[in-house]
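Order of listing sets the numbers, starting from 1, for every ligand and every atom in it. Atoms considered below: every heavy atom in the structure, side chains included; atoms not considered: hydrogens, waters and symmetry mates.
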Amino acid sequence: MAKNIVEKIFEAHKAYGELKTGNPVGLTVDQAYTQDATGTMTWLQFEAIGVDRVKVPLAVSYIDHNMLQTDYMNPDDHKFLQTVAAKYGAHFSRPGNGICHQVHLEQFAAPGKIALGTDSHTPTGGGMGMIAIGVGGLDAATVMAGAPFELTMPKVVKINLTGKLNRPWVTAMDVILEILRRLTVKGGVGKIFEYGGTGVKDLNVPERAAITNMGAELGATTSIFPSDGRTKFYLKAVGRETDWIDLKADDDAEYAEVIDIDLSAIEPMIAQPHSPDNVVTVKSLKGTKVDQICIGSCTNSSYQSLKTVALILKGKTVSEGVNLLINPGSKQVYEMISREGLIADMISSGARMLEASCGPCIGMGGAPGSGQISVRSYNRNFPGRSGTKDAFVYLASPVSCAVFSIKGEIVDPRESGIKVATFEEPSKYLINRSSIIPPLKDTSDVKVIKGPNIKDVPVKEPLKNRLEAEVLLKLGDNITTDDIMPAGSKVLPFRSNIPKISEFVFGGIDVTFSKRANELKDKGGCVVIGGENYGQGSSREHAAMAPMFLGLQAVFAKSFARIHRANLINFGILPLQFKNPSDYEKAGQGDRLIINDVINSLNGAQVYKIENITKGSSFEAVSDLNDRQREIILKGGLLPYTKK
Ligand code: MIC
Ligand code: SF4
């Protein structure tokens with residue numbers, strides 16, 4: 001039978017289950033990686049499971065998010081992550097080596113493999129023809145401890161590319177922004193996007209990776225490109241030609257849906273505040289003044305992106321009213337553009353160079369001023385994420401960003417009058433592995449070092465048969481994990497300390513949430529209500545673990561984002577979907593809800609009758625959990641389930 005690429009890779013890695021949409025399937029994983037902000041909890045949970053070495057063929061611990069060292073907390077986490085990697089047989093990527101996804105693409109991603117990463121932008125590896133999926137830390141920990149990775153088989157949707165990009169002014173970022181415009185932030189839920197068609201060969205690996213990276217913003221499980229001659233060219237250029245395999249869909253492969261994109265028709269696009277799908281053409285915003293420009297992030301910080309930026313900035317001066325910040329994606333990119341003199345062109349134009357890290361993308365420095373407009377080549381512009389609550393953050397390609405920084409305003413780069421030299425994709429990249437420490441064979445002498453901010457992982461008690469709890473918060477559609485568990489320089493250092501970080505839960509929406517939740521702890525705890533796509537965005541399990549610590553028992557929503565739903569289950573919180581979406585109206589903030597017979601409902605048809613004792617009404621919700629997930633919820637979470 002003809003197969004698409006996803007089916008080919010899944011079949012080769014199948015541990016159990018039938019590859020039918022909606023079925024739970026278990027997959028054997030080749031590579032797992034963590035980043036620091038999610039990694040400390042992942043590795044603490046890995047330790048708690050109690051195996052003596054990682055069981056996946058390749059594991060990497062990266063440091064890229066918590067790079068500000070304003071006190072002991074982040075550097076202590078770095079030390080913990082280095083020693084824990086050494087103890088359990090993982091590679092360690094030292095601070096400064098770059099953003100996990102960019103470094104992984106350069107050093108480890110390989111066609112035909114399956115990788116998990118504790119970060120939602122792990123699908124960057126899809127540009128290399130691999131299945132790369134973002135997961136919560138506990139899912140990664142159990143896989144590193146030897147379990148298969150279980151997921152509900154998504155639909156496979158083909159994105160059929162034709163034509164050619166109008167370079168240099170139209171880039172891969174414009175392609176994914178156009179797809180976001182069409183499909184929205186929930187358009188990819190339950191789907192894998194497989195790219196195909198004659199247009200694929202127009203895109204090189206870094207361009208493909210930018211597209212699959214930001215497929216995360218569609219809510220997709222992942223995105224993938226074929227592995228072809230261009231993949232081989234890139235792998236050869238990064239010194240890993242032997243990792244190449246030929247991988248494409250069979251001619252008659254079937255897809256749940258086909259979406260056509262003509263690359264020749266794409267024009268410069270921009271996402272307006274405060275959602276990556278609020279996309280319009282750049283030319284429609286002509287004349288909008290900008291205060292800040294940030295270029296970089298795991299989406300757009302490759303050598304190619306930054307070289308184009310440097311060529312645009314060369315010999316020009318950044319507009320007086322603009323602050324331009326640039327963070328290269330990896331040390332290799334940084335070194336390569338330095339050696340070519342391109343950094344000099346950036347600095348001389350007035351750009352401020354940051355280290356190879358996430359930086360302003362996650363509010364670790366580089367916040368805009370009050371009410372300012374910041375245009376970023378990043379992937380998310382959720383409210384407050386930049387660190388400034390009332391800033392207006394737009395998302396555009398690095399090329400558009402460079403042009404705006406010179407002009408001081410938004411202008412269609414094609415009409416800017418700026419000329420830029422073109423260049424060939426390099427046939428040889430600079431390779432420098434000095435910041436990657438490989439695993440040791442004998443780890444008996446290694447001592448794992450934990451600073452005082454690293455606290456134990458909290459564990460929930462088993463599920464109770466009766467739930468009576470107060471609706472502490474009622475929210476609308478597309479609530480992000482940044483809303484639930486904010487990031488930024490003040491909060492991120494507490495990622496290893498759940499009691500402390502729990503004080504910030506829902507902080508951007510209601511600063512009294514954690515205090516009120518604590519007060520309800522001995523009155524049955526609390527629940528929250530959301531609309532569609534609850535928990536979109538990041539993979540941070542802290543958005544489930546910290547609310548669990550505060551006594552959150554269940555979340556009611558019209559629908560859930562994939563990773564967050566998995567994280568809720570992993571921490572024993574019931575994800576309940578309104579049976580009739582209109583029942584969303586039947587409970588309000590402050591209402592007390594009762595579910596009797598929770599365990600029987602869970603073990604039976606998974607329909608729960610909810611009594612609203614404040615309003616004197618009732619409604620139904622469903623949980624739609626598979627057998628393994630039911631067991632996990634019954635035990636109080638994946639950690640007690642795994643340690644059974
Ligand atoms: C993000 O871009 O939101 C993050 C920060 O990289 C998160 C991970 C985290 O919260 O640590 C993600 O995308 O998963
Ligand atoms: Fe880092 Fe931003 Fe990418 Fe998240 S989206 S991994 S914060 S660069």
### Proximal ligand 1 atoms for Ile362, defined as those under 4.0 Å from one of its heavy atoms
5 (C)
### Under-4.0 Å heavy-atom contact with ligand 2, by part of Thr299 that carries it
neither
### Query
Gln35 heavy atoms, cut-off 4.0 Å: which ligand 1 atoms fall inside?
8 (C), 9 (C), 11 (O)
### Message
Looking only at the aromatic ring of each residue, does the gap between the centers of Tyr234 and Tyr429 stay below 6.0 angstrom?
### Response
yes
### Message
I need the minimum non-hydrogen distance between Cys298 and Asn379, along with the two atoms involved.
### Response
SG-ND2, 3.6 Å
## Note on the structure
Closest to atom 10 (O) of ligand 1 among protein heavy atoms sits Arg540 NE, 2.6 Å
### Task
Taking only heavy atoms of Ser539 into account, list the atoms of ligand 1 that are under 4.0 Å away from them.
12 (C), 14 (O)
### Message
Give me the residue, atom name and distance of the protein heavy atom closest to atom 1 (Fe) of ligand 2.
### Response
Cys358 SG, 2.3 Å
#### Entry: Thr481 and Ser538: side chain donor to acceptor below 3.5 Å
yes
### Task
Please assess Leu354 against Ile326 for the test side-chain contact (heavy atoms from CB on, under 4.5 Å), listing each intermediate value before the final yes or no.
CA-CA 6 Å; Leu354 308 178; Ile326 302 178; over 6 Å; no
### Task
State whether Cys298 contributes an N/O/S atom found under 2.8 Å from atom 3 (Fe) of ligand 2.
yes
### Query
Would one find an N, O or S atom of His121, in either backbone or side chain, under 2.8 Å from atom 2 (Fe) of ligand 2?
no
### Query
What atoms of ligand 1 come closer than 4.0 angstrom to any heavy atom of Arg495?
9 (C), 10 (O), 11 (O)
### Message
Which of the numbered atoms in ligand 2 are under 4.0 angstrom from any heavy atom belonging to Asn379?
### Response
5 (S)
### Distance-minimising heavy-atom pair for Ser297 and Ile99
C-CD1, 3.6 Å
#### Entry: Heavy-atom closest pair, residues Gln35 and Cys100
CB-SG, 4.0 Å
#### Entry: Nearest-neighbour protein heavy atom for atom 13 (O) of ligand 1, which is reported as residue plus atom name and distance
Ser120 OG, 2.5 Å
### Query
Relative to ligand 2, is Arg380 under 4.0 angstrom through side chain, backbone, both or neither, heavy atoms considered?
neither
### Query
Counting both backbone and side chain atoms, is some N or O of Arg385 under 3.5 Å from an N or O of ligand 1?
yes
## Note on the structure
Under 4.0 Å from one or more heavy atoms of His65, ligand 2 contributes atoms 1 (Fe), 4 (Fe), 6 (S), 7 (S)
### Query
Which atoms of ligand 1 sit under 4.0 Å from any heavy atom of Thr38?
9 (C), 11 (O)
### Query
What are the two closest non-hydrogen atoms of Leu218 and Leu180, and how far apart are they?
CD2-CD2, 3.7 Å
### Task
Heavy-atom contacts with Ala37 under 4.0 Å: which atoms of ligand 1 show up? List them by number with element.
11 (O)
### Message
One residue to check: Asp119. Relative to ligand 1, which of side chain, backbone, both or neither has a non-hydrogen atom less than 4.0 Å away?
### Response
both
### Message
Tell me the closest heavy-atom pair linking Met364 and Met67, and the distance in Å.
### Response
CE-N, 4.2 Å
#### Entry: Where ligand 2 meets Cys361 - atom numbers and elements under 4.0 angstrom, heavy-atom basis
2 (Fe), 5 (S), 7 (S), 8 (S)
### Query
Should His101 and Tyr33 be marked as a ring-ring contact (aromatic ring centres under 6.0 Å, His included) after you check the CA-CA gap, both sets of side-chain angles, and the distance that decides it?
CA-CA 9 Å; His101 311 302; Tyr33 64 91; 5.8 Å; yes
#### Entry: Pair Glu217 + Arg380, salt bridge at N-O below 4.0 Å
yes
### Query
For Asp139, which of Asn570, Asn567, Thr42 qualifies under side chain to side chain donor-acceptor pair (under 3.5 Å)?
Asn570
### Summary
among protein heavy atoms, the one nearest atom 7 (C) of ligand 1 is Ser538 CB, 3.2 Å
### Query
Is there a heavy atom in Met485 that sits closer than 4.0 Å to ligand 1?
no
### Element-labelled atoms of ligand 1 that are located less than 4.0 Å from some non-hydrogen atom of His65
4 (C), 5 (C), 6 (O)
#### Entry: Those atoms of ligand 2 less than 4.0 Å from some heavy atom in Asp119
6 (S)
### Message
For His542, state whether at least one heavy atom is located under 4.0 Å from any atom of ligand 1.
### Response
no
#### Entry: Minimum heavy-atom distance between Pro452 and Lys455, given as atom pair plus value
O-NZ, 2.8 Å
### Query
Do His91 and Phe108 have ring centres separated by under 6.0 Å?
yes
### Query
Arg385: heavy atom below 4.0 Å from ligand 2, yes or no?
yes
### Query
Under 3.5 Å, is there a donor-acceptor pair linking the side chains of Asn533 and Asn478?
yes
